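These figures come from a predicted structure and were not determined experimentally.
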Amino acid sequence: MRNDKKRPFKGNKPQKSQPFKKEIVRKEREVSQEEIEDNFVFGNHATIEAIQQGRGNKLFLQEDSKSEKVEHLKLLAKENAVPVKWVPKQKLDTMTNHGVHQGIVLAITAYEYLTLDELLDRTKEKTEVPFFLILDSLEDPHNFGSILRTADATGVDGIIIPKHRAVGITPVVTKASTGAVEYIPVARVTNLAQSITTLKENNFWIFGTDMKGTDYRQWNTKGAIALIIGNEGRGMSQGLHKEVDELLTIPMTGHVQSLNAGVAAGLLMYEVYRGRNPL
């Protein structure tokens, strides 16, 4: 059980002159081939959000498309100086790898990840009790998109993902998030364990998920917290187990003793929301 005396949260006594401690990493801004290939989003909601956030470069619409949403997109593109091009459905199928594009594809400016330092600085301006998610090598883009969508709904302040062996911000993630990716800052780091150390130095409590742990309904969500969500198949890596202050479990009575990562993350995010927004 978490011991509140172990690491008191300085946010209870704000020290505005004291900045967050910095993680010593070099800022990497090189554009990878993966990022080049992922410089588009598709689907109505994701496209609208990206244009409104100023990331649209060119809007591709399916030939002969006629609907209110298409007219709205044309107007939105005009208001934001985004050129429109009408193309065959086959072209859109190729661009989206046969995804459900709804006849809409938007070429965008590459997603710009934050460093952990930038995420901490941005969050400090917003709140004294931040709530971060740490995704430990999540691989399914639909899970990531679902988590982003719920994170936006529950007030999560930021998400931290590893740079390697994990899904990043892809067109599928963006569509699954229904545009929430435009509102939740994502930091991509080289080493999760090092990042957790930095978070602890900044008075964060670190929580993990496991089959054996404290019932999440007893979770003390006060203060600055970071929650680790493990890989879909392997769960949370052993290397991170020793870094957590407390393990949480979601009790189940059925025959299947595990939950989809997106579902489990959603339950835990809403528990934090419930604890911080009592009736």
Side-chain angles (χ1 to χ4, degrees), residues 31 34-114 122 126 133 135 138-159 161 167-186 260-263 265-267 269-270 273 277:
V31 179
E34 177 186 359
E35 290 174 320
I36 293 172
E37 293 172 353
D38 289 340
N39 287 353
F40 64 87
V41 298
F42 55 89
N44 187 51
H45 293 295
T47 297
I48 289 173
E49 298 296 344
I51 292 176
Q52 290 178 335
Q53 293 300 312
R55 293 213 295 139
N57 289 334
K58 181 180 285 190
L59 176 61
F60 296 87
L61 296 175
Q62 184 174 317
E63 289 178 342
D64 301 323
S65 294
K66 295 180 180 179
S67 65
E68 288 187 9
K69 68 180 180 183
V70 168
E71 293 302 317
H72 174 66
L73 280 170
K74 287 168 57 180
L75 179 60
L76 189 63
K78 182 178 180 180
E79 292 173 348
N80 289 271
V82 177
V84 177
K85 184 174 183 179
W86 299 88
V87 297
K89 179 178 182 296
Q90 292 79 0
K91 173 69 172 178
L92 301 181
D93 289 341
T94 300
M95 293 173 71
T96 62
N97 194 23
H98 296 277
V100 184
H101 52 70
Q102 301 172 291
I104 303 164
V105 175
L106 178 70
I108 60 171
T109 302
Y111 185 86
E112 192 167 311
Y113 297 95
L114 301 179
R122 178 181 296 190
K126 177 182 174 184
L133 290 181
L135 305 185
L138 213 66
E139 297 174 352
D140 188 330
H142 294 93
N143 275 337
F144 191 8
S146 173
I147 287 171
L148 281 161
R149 188 173 182 176
T150 308
D152 180 52
T154 55
V156 171
D157 297 295
I159 294 179
I161 64 173
V167 65
I169 303 298
T170 68
V172 175
V173 169
T174 301
K175 187 175 191 303
S177 78
T178 63
V181 67
E182 303 295 341
Y183 302 100
I184 300 295
V186 178
N260 170 280
V263 173
L267 281 170
M269 282 186 272
Y270 266 104
Y273 177 86
N277 298 273

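- When side chains are defined from C-beta on, Leu92 counts as touching Phe60, because their heavy atoms get closer than 4.5 Å.
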Anything under 3.5 Å between a donor and an acceptor, one on a side chain of residues 49-57, the other on a protein residue two or more places apart or in another chain? List them.
residue : atom : partner : partner atom : Å
Glu49   : OE1  : Tyr183  : OH           : 2.3
Arg55   : NE   : Glu182  : OE1          : 3.2
Arg55   : NE   : Glu182  : OE2          : 3.4
Arg55   : NH1  : Thr109  : O            : 2.9
Arg55   : NH2  : Glu182  : OE2          : 2.7
Asn57   : ND2  : Ile108  : O            : 3.4

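- Atoms NE2 and CG, on His101 and Asn44 in that order, are 13.5 Å from each other to the nearest 0.5 Å.
- Ala151 is linked by a side chain to side chain contact (heavy atoms under 4.5 Å, CB included) to Val156, Ile159, Ile184, Met269, counting only residues two or more places apart in sequence or in another chain.
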Validation: residues 65-84 side-chain donor-acceptor distances under 3.5 Å, sequence neighbours left out:
residue : atom : partner : partner atom : Å
Ser65   : OG   : Gln62   : O            : 2.8
Ser67   : OG   : Val70   : N            : 3.3
Asn80   : ND2  : Leu76   : O            : 2.8

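- Remark: Asp140 pairs with His142, Asn143, Glu232 by the side chain to side chain contact (heavy atoms under 4.5 Å, CB included) rule, at least two apart or across chains.
- In this structure, Lys175 and Phe42 approach most closely via the heavy-atom pair CD-CE1, 3.1 Å.
- Atoms OG1 and CG, from Thr154 and Leu133 in turn, are 7.5 Å apart once rounded to the nearest 0.5 Å.
- Residues Ile161 and Val167 form no side-chain contact, since every pair of their non-hydrogen atoms from C-beta on lies 4.5 Å or further apart.
- Remark: Glu63 CD to Lys85 NZ distance equals 10.0 Å, nearest 0.5 Å.
- The side-chain heavy atoms of Ile169 and Tyr113, taken from C-beta on, include a pair separated by under 4.5 Å.
- Scanning both residues, Tyr270 and Ala153, for their nearest heavy atoms gives OH-CB, 3.8 Å.
- Each of Thr174, Leu61, Asn39, Thr47 was scored for a side-chain contact (heavy atoms from CB on, under 4.5 Å) with Leu106, with one residue passing: Thr47.
- With sequence neighbours excluded, the residues that form a side chain to side chain donor-acceptor pair (under 3.5 Å) with Lys89 are Asp93.
- The side chain to side chain contact (heavy atoms under 4.5 Å, CB included) test applied to Thr178 returns His45, Arg149, not counting sequence neighbours.
- Within 6.0 Å of CG in Asp64 there are 12 or fewer heavy atoms belonging to other residues, nucleotides or ligands.
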**OP:** Please step through side-chain contact (heavy atoms from CB on, under 4.5 Å) for the pair Thr170 and Phe144, ending with a clear verdict.
**Re:** CA-CA 10 Å; Thr170 68; Phe144 191 8; over 6 Å; no
